[in-house]
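Worth saying up front: this structure is predicted, and the values here are computed from it rather than measured. Whatever order the structure lists ligands and atoms in, that order sets their numbers, starting from 1.
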Amino acid sequence: MGKLIFTKEYSVSLPLVSAGMAMVTGPDLVAAVSNAGGLGILGTGPMPTELLRRIIASTRVLTPKPFGVNLIVEETTLGPASTFEHVQVCIEAGISPVVFFWNPPPATWFAALHDAGIKIWLTVSSVVEARHALAGGYDAIVVQANEAGGHVRATESGLSLWPAVRDAVGDMKMIAAGGIADGRTAVAAFALGADAICMGTRLVASGESLAHPEYKSAILRAQAADTSVTRLFGPEWPDAPMRVIRNQALRDADDGIRESGPVGQTRLFGLDYVMPRNSAILPTRETSGSLEHMCMAAGTSVGRIGTVEPAGALIARIASDADRILRECGQRMR
Ligand SMILES: Cc1cc2nc3c(=O)[nH]c(=O)nc-3n(C[C@H](O)[C@H](O)[C@H](O)COP(=O)(O)O)c2cc1C
């Protein structure tokens with residue numbers, strides 16, 4: 001018997017995954033995506049394990065469907081973004097898949113998840129990283145292209161990266177991420193070799209995302225050229241390239257203007273947090289201050305986003321548009 005297709009393997013009805021975005025993707029968004037037939041992924045970041053346990057439980061109240069958890073593997077000034085205890089919480093809760101980002105997890109974490117029968121995904125940015133993931137025994141790779149919003153290390157666009165990775169990894173499950181926001185871009189990703197698609201920026205501008213309303217409005221106004229990859233943001237997570245919407249903070253940096261002092265305040269993982277200049281902490285519903293000086297992570301797909309809608313409605317439309325576009329492509333190619 002051949003390998004199961006993505007929807008069968010993950011018991012979902014659509015091959016569509018929401019990005020686990022720290023600070024932005026909470027239980028409401030994850031449940032909305034899973035209830036719509038996709039696979040929601042909870043964002044975490046360096047949150048206390050007790051909070052992780054709580055948001056998993058809250059999501060379970062909102063959906064009977066499967067959902068995953070995203071764990072960032074990196075040291076931050078707020079502490080390690082994930083620890084073995086975070087992994088243990090996922091194991092105890094029976095979460096599958098667990099999606100690792102930025103760095104591969106230590107072997108002990110991988111072994112514990114594997115022994116518990118949990119699917120393990122790794123986010124990769126190049127053919128070389130994809131080959132390592134294949135050799136490392138991961139169940140799937142999220143292939144993040146340069147178009148992506150948020151932290152991004154890929155230098156290649158999806159158009160060249162996804163087919164190259166597909167050729168390199170054979171029939172390993174590949175989830176394409178970066179620049180996908182509608183039926184047309186979804187179909188393109190499948191044509192380039194994806195088993196499933198992952199959307200981040202499109203879902204930041206959804207009703208359920210925790211992003212600040214002005215951040216959502218900035219996504220609606222922006223075009224692809226209004227985003228750029230910068231290392232400006234991040235006393236909390238230094239020297240990591242990130243695709244963001246260009247705002248006053250970037251223009252000041254370009255002009256050599258160096259201000260000091262905080263830019264606002266927020267609640268971060270349940271605690272008050274004063275946001276330093278060029279903070280990498282994303283503005284949420286609980287943030288006040290100058291969003292023109294905050295980090296608004298977003299990808300090139302901003303140009304294709306013109307509405308803030310409930311995630312379920314977005315997903316249903318993307319799925320039906322993709323079906324129609326596939327038929328139209330077939331007709332055009334005859
Ligand atoms: C606001 C925002 C926050 C993000 N946070 C995370 C994160 O915590 N962990 C992660 O694996 N990826 C994160 N990403 C990257 C996404 O997982 C995904 O690769 C990206 O959003 C895909 O590109 P798109 O934004 O064009 O859809 C984030 C992306 C955005 C836009």
Side-chain angles (χ1 to χ4, degrees), residues 16-26 29-30 33 38-47 52 55 68-74 76 78 81-82 86 97-105 121-125 141-154 157-158 161-162 174-182 185-186 188-189 194 196-206 209-212 215-216 218-219 222 224 227 229 233-234 236-237 240-245 269 280-284 287 294-305 311 314-315 318:
L16 192 154
V17 178
S18 66
M21 297 179 281
M23 297 164 257
V24 168
T25 324
L29 180 52
V30 170
V33 170
L39 184 63
I41 308 286
L42 273 171
T44 58
M47 64 170 51
L52 176 57
I55 61 171
V69 165
N70 178 273
L71 294 178
I72 301 171
V73 182
E74 180 69 323
T76 75
L78 307 168
S82 316
H86 290 83
V98 171
V99 185
F100 288 103
F101 184 56
W102 210 246
N103 290 300
W121 296 6
L122 183 66
T123 306
V124 300
S125 321
I141 41 176
V142 180
V143 184
Q144 193 198 40
N146 177 264
E147 290 90 337
H151 286 98
V152 57
R153 162 155 72 215
S157 74
L161 182 59
W162 296 329
M174 166 175 137
I175 298 104
I180 303 167
D182 56 12
T185 43
I197 56 155
C198 169
M199 292 190 301
T201 301
R202 174 60 273 198
L203 291 164
V204 177
S206 67
S209 107
L210 299 170
H212 192 287
Y215 178 7
K216 296 183 188 181
I219 289 178
T227 71
V229 176
F233 294 105
E236 299 89 354
W237 180 352
M242 199 175 190
R243 187 177 288 281
V244 301
I245 296 177
F269 310 133
I281 302 304
L282 306 174
T284 67
T287 304
M294 290 182 195
C295 174
M296 293 191 279
T300 58
S301 71
V302 287
R304 313 210 54 76
I305 301 174
L314 275 173
I315 285 169
I318 290 171

Check: every ligand 1 N/O to protein N/O pair under 3.5 Å:
from: ligand 1; atom 1: 8 (O); to: G20; atom 2: O; distance (Å): 3.3
from: ligand 1; atom 1: 8 (O); to: A22; atom 2: N; distance (Å): 2.9
from: ligand 1; atom 1: 9 (N); to: G20; atom 2: O; distance (Å): 3.0
from: ligand 1; atom 1: 9 (N); to: N70; atom 2: OD1; distance (Å): 2.9
from: ligand 1; atom 1: 11 (O); to: N70; atom 2: OD1; distance (Å): 3.4
from: ligand 1; atom 1: 11 (O); to: N70; atom 2: ND2; distance (Å): 2.7
from: ligand 1; atom 1: 19 (O); to: Q144; atom 2: NE2; distance (Å): 3.0
from: ligand 1; atom 1: 23 (O); to: G178; atom 2: N; distance (Å): 3.3
from: ligand 1; atom 1: 25 (O); to: G149; atom 2: N; distance (Å): 3.2
from: ligand 1; atom 1: 25 (O); to: T201; atom 2: N; distance (Å): 2.9
from: ligand 1; atom 1: 25 (O); to: T201; atom 2: OG1; distance (Å): 2.6
from: ligand 1; atom 1: 26 (O); to: G179; atom 2: N; distance (Å): 2.7
from: ligand 1; atom 1: 27 (O); to: G200; atom 2: N; distance (Å): 2.8
from: ligand 1; atom 1: 27 (O); to: T201; atom 2: N; distance (Å): 3.4

Between F100 and V73 the two heavy atoms that sit nearest each other are CD2-CG2, 3.6 Å

Quick check: closest heavy atoms across W162 and G178, and the distance to 0.1 Å?
CH2-O, 3.4 Å

Quick one: does T25's side chain get under 4.5 Å of L203's, heavy atoms only?
no

How close do I305 and A205 get, counting heavy atoms only, and between which atoms?
CG2-CB, 4.0 Å

Ignoring hydrogens, what is the shortest heavy-atom contact between P97 and L39? Give both atom names and the distance.
CD-CD2, 3.9 Å

Quick one: which of V302, T201, T300 gives a side chain to side chain contact (heavy atoms under 4.5 Å, CB included) with R243?
T300

